[in-house]
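Here is the structure we will look at, set down as structure tokens.
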Amino acid sequence: LYTVERLHTVESFNMCVPLGGELTLVQELSSKPAQKLSRYGWYGNIRLTMFHIPDDTVVARWLFTVTRGSGFNCGTHNVTMYMRWGAPPVIDPVGRLFPNNTVTSPVLSLNLPMTSSQSNTTFNLSNPAPGDWYLAAHLPRDDGRIEHKGFPSCSYLFQPQLSVRRAVDTPILQATPLTQSASPDRPARLRVFVPEFVSSLSVSVSGCTWGEGLMNGDCSLSLTLGSSSPQGGLVRVNCSLIGCSAVLLAPPWNTWIRVTVDSYHSNRTTAFSISVNYTVGCKPQSVGMSGDDYINRLHGNSSTTTSPGNGSVVAEAGRHNNVSSECVWSVPVLREELDVLSVRFSPINGPNVTVTHTHPTLLTYPLNTQSTGGTLNLEITLNTTNATLGNSSVMACLSSWAPVLALNYSHPCHTAVGLSVNVSVPGTVIRLPFPQAATWYLTLQLFCNSSDCGNVTVTPQLHVSACIEDCGTYGECRLLRSFSYLYAACVCKAGWSGWGCTDDITAQSYGRQLTAVLLLTLSNLLFIPPIVIAVRRCYITEASVYLFTMFFSTFYHACDQPGLTVMCIMDYDTLQYCDFLGSVCSIWVTVLCMARVRDTFKHMLFMLGTLLIAMSMQLDRRGLWNMLGPILCAVLAMVTSWVTIYPCIHRKQCYPPSWRRWVLFLLPGLASALVGVCVYVFAETEDNYLYTHSLWHVLVASSVVFLLPPRETDSMNTWSPGVCGYTLCHSTKEELYTVT
């Protein structure tokens, strides 16, 4: 939605957004669909949303709305939100450790208390940095209770909305002085473009006048350079009597910088003159229009046959020509996209790069938005075979938007990420989760104790991977999606935690892991008694189903274990599907066996029910009705069979007629099954899962032992009431009752 209006209608935005001059404001509104929030257990539990802030945005206003469900177990929770510019926020709400050599960026943190069924809050940001802003939201930490799909639970729906107002005719500041005016409710806003290789940017304000245009030495103005973001970057100075000047060192290249001049004199409009001055640093040597475009070198590196020309290219790797005519050496870099969230950068001339103490060596790595969902890994290795460094070292600075070209030994990298390699530490590595979408620069320079230390070679390896070291032994790297944006995160196992599953503060010992796998697998052996009883009573079909369930449940839990005690005989998804299918089918055939229906009709129900259960498991194997539906249908068939047979209707004596059968078998079996269901649904947590789920196996197997009916011939012999001196007999073949 676009709305164009003049300055005087800004008050309709419910906040003061003054502008200098007759600037045109354009309002843009955007909204995202409501998403269901989850408790935080790992990064996959957050709800990630991306908003785009246009250029020249004066103010951005976010509206966050959280709607709480009306469930009986809904509590009062705070919704935590994080915001970051340029990449998703890297957060750690539970206070776990990050892997070694990991660098994170600051984020904005907000809290929204749920005091009613619907709560909302707003967040205003003046002069926000243009580009993509990422918003992450989640509920408090997960309490570990396992919630089963289909049971009542409380839902929290989170919906963010964004409204921005931007100026479409902002004046462009150049070297020629520009006359502007500013008042307390109408600051002057300008912008200036920063080209490449600019080392510093200086904006000066002078010639302040007010009143009737008379010169006045009171420049009560405030000069601000840059935009607002969690990473900072604002430079602000207060003008003195004669003016002021703000200097921005190492400004971002190929971007627009905002310039804001505020007046803090009440009821006064101050006119002033403003200008900009660039300081251009050193530039690399031009390759020219007719120079080597490296296409032949790329073809030579990818070819399996080597020619004398290709061999010379590899031998000359990392060397530079015209050393004395350059103040910075720029090494061309090849970008290779290997897979989703997998990008590799490599120097064109080979893996080795020459570094000297006289000039910095510069490598450029452009990262787009699709690469921000992974981890930026930089590894630098010093070639110590032909180097005599002594106490000297190679300094490396990794920065975004603009490189650090003025390196010094005491503070080599300023605010950039710094690394150092020497003879004692020949290799180092740094990792940046969710790197910002920008052009990254790596600057290398040799620092020596003597004036003549020669050159050295290093091997810089920079690549983007999905997760840090693939989440290690106790984690799994998973690819996540928020609308069309892809990102990756680690889900940890066996009590390990942290961003890369390297924090062992709550890690399970090997003994506990072994105990868990033994309990969950060996508890399935209690299905052996039901199998033996079913075979002895000639229930071969039922025994086959119990054997199927025992086998796949045992190996599913052996494969489902975290850590080192894992054994998978086939694909995990196949084992899980067979385990769920066997569990529901076991209940289905047991209840139908208790129904005492004809064999032909019973086996038809066995097959039809199994096919329908298999179909529903394929659709949603964790759904509540996948288990509840077959149970209700089987119980209905059993009750119908029990109450509609001839003795129950005409003789007022229903099956089973013996009270011993009820007291010694049916009631204990039903109690065991009921307790097992309660343990499975209400008592399971992540901490006690090995005990409660093993108890579930024991109770289900025990209930089958009690509920499985005796052989039909035996049951018929015990059920032969006398009628007027005659014996009521039952034909097992035709299910007819005759009087003899």
Side-chain angles (χ1 to χ4, degrees), residues 524 526-553 580-614 616 626-648 654-658 660-674 676-677 696-719 730-735:
N524 287 283
L526 288 180
F527 270 94
I528 295 179
I531 295 174
V532 174
I533 294 176
V535 172
R536 289 178 57 87
R537 297 178 181 178
C538 297
Y539 297 127
I540 306 301
T541 304
E542 291 82 346
S544 302
V545 175
Y546 301 151
L547 179 62
F548 178 90
T549 303
M550 181 185 70
F551 178 83
F552 281 102
S553 179
F580 285 23
L581 177 64
S583 301
V584 180
C585 287
S586 297
I587 300 174
W588 172 255
V589 299
T590 301
V591 179
L592 286 181
C593 184
M594 297 170 59
R596 289 296 198 179
V597 296
R598 292 184 181 181
D599 290 343
T600 303
F601 187 62
K602 180 177 70 174
H603 289 95
M604 185 271 294
L605 291 178
F606 281 176
M607 181 58 65
L608 179 61
T610 302
L611 294 176
L612 294 177
I613 293 171
S616 62
N626 288 339
M627 179 178 292
L628 191 59
I631 292 177
L632 293 179
C633 293
V635 170
L636 179 63
M638 180 187 66
V639 173
T640 303
S641 175
W642 282 7
V643 301
T644 56
I645 59 177
Y646 186 86
C648 187
C654 299
Y655 176 86
S658 174
R660 294 183 180 85
R661 182 69 186 168
W662 283 97
V663 174
L664 300 180
F665 295 97
L666 295 181
L667 293 181
L670 293 175
S672 179
L674 182 61
V677 171
W696 155 257
H697 291 165
V698 173
L699 293 174
V700 169
S702 302
S703 65
V704 174
V705 172
F706 286 105
L707 296 178
L708 201 62
R711 189 183 303 180
E712 293 188 9
T713 55
D714 298 338
S715 62
M716 290 304 105
N717 292 334
T718 58
W719 183 35
H730 177 264
S731 174
T732 58
K733 292 184 179 181
E734 298 180 358
E735 296 288 344

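Predicted model, so just to flag it, every value in this text is computed and none were measured.
The backbone N or O of Met550 sits nowhere less than 3.5 Å from a side-chain atom of Ser553 that would complete a donor-acceptor pair. Formation of a donor-acceptor pair under 3.5 Å by the Trp588 side chain with backbone atoms of Leu605 is found in this model. Between the side chain of Ser703 and the backbone N or O of Val700, at least one donor-acceptor pair lies under 3.5 Å.
Side-chain contact between Leu666 and Met594 is present, with heavy atoms from C-beta onward closer than 4.5 Å. With contacts defined as side-chain heavy-atom distances shorter than 4.5 Å, the pair Phe706/Leu670 does not qualify. Taking 4.5 Å as the limit, every side-chain heavy atom of Phe665 sits out of range of all side-chain heavy atoms of Arg660.
Summarising the geometry, atom CD1 belonging to Ile531 is positioned 11.5 Å from atom CD1 belonging to Ile540; distances are rounded to the nearest 0.5 Å. Interatomic distance, Met604 CE to Leu592 CG, rounded to the nearest 0.5 Å: 10.0 Å. Atoms CG and CG, on Leu667 and Leu707 in that order, are 10.0 Å from each other to the nearest 0.5 Å.
Closest of all the heavy-atom pairs between Ser672 and Leu699 is OG-O, 2.9 Å. Residues Pro530 and Ala701 share a closest heavy-atom pair of CG-O, 3.5 Å. Scanning both residues, Pro668 and Val663, for their nearest heavy atoms gives CD-O, 3.2 Å. Phe527 approaches His697 most closely through the heavy-atom pair CE1-O, 4.4 Å.
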- Given the rule in the side-chain contact (heavy atoms from CB on, under 4.5 Å) test, do His603 and Thr541 qualify, once you have shown the distances and angles that lead to the verdict? CA-CA 9 Å; His603 289 95; Thr541 304; 3.6 Å; yes
- Query: Given the rule in the side-chain contact (heavy atoms from CB on, under 4.5 Å) test, do Tyr546 and Val589 qualify, once you have shown the distances and angles that lead to the verdict?
  - Reply: CA-CA 9 Å; Tyr546 301 151; Val589 299; 4.2 Å; yes
- Message: Please evaluate residues Val677 and Trp696 with respect to the criterion side-chain contact (heavy atoms from CB on, under 4.5 Å), reporting the C-alpha separation (whole Å), side-chain torsions for both, the decisive distance (0.1 Å), and the verdict.
- Response: CA-CA 7 Å; Val677 171; Trp696 155 257; 4.2 Å; yes
- Message: Quick one, Tyr539 with Leu708, criterion side-chain contact (heavy atoms from CB on, under 4.5 Å). Give me CA distance, side-chain angles, the key distance, then yes/no.
- Response: CA-CA 9 Å; Tyr539 297 127; Leu708 201 62; 4.2 Å; yes
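Between the side chains of Thr549 and Ser583, no donor-acceptor pair of N or O atoms lies under 3.5 Å.
Classified by interplanar angle (parallel below 30°, tilted 30° to 60°, perpendicular above 60°), the ring pair Phe552/Phe548 is tilted.
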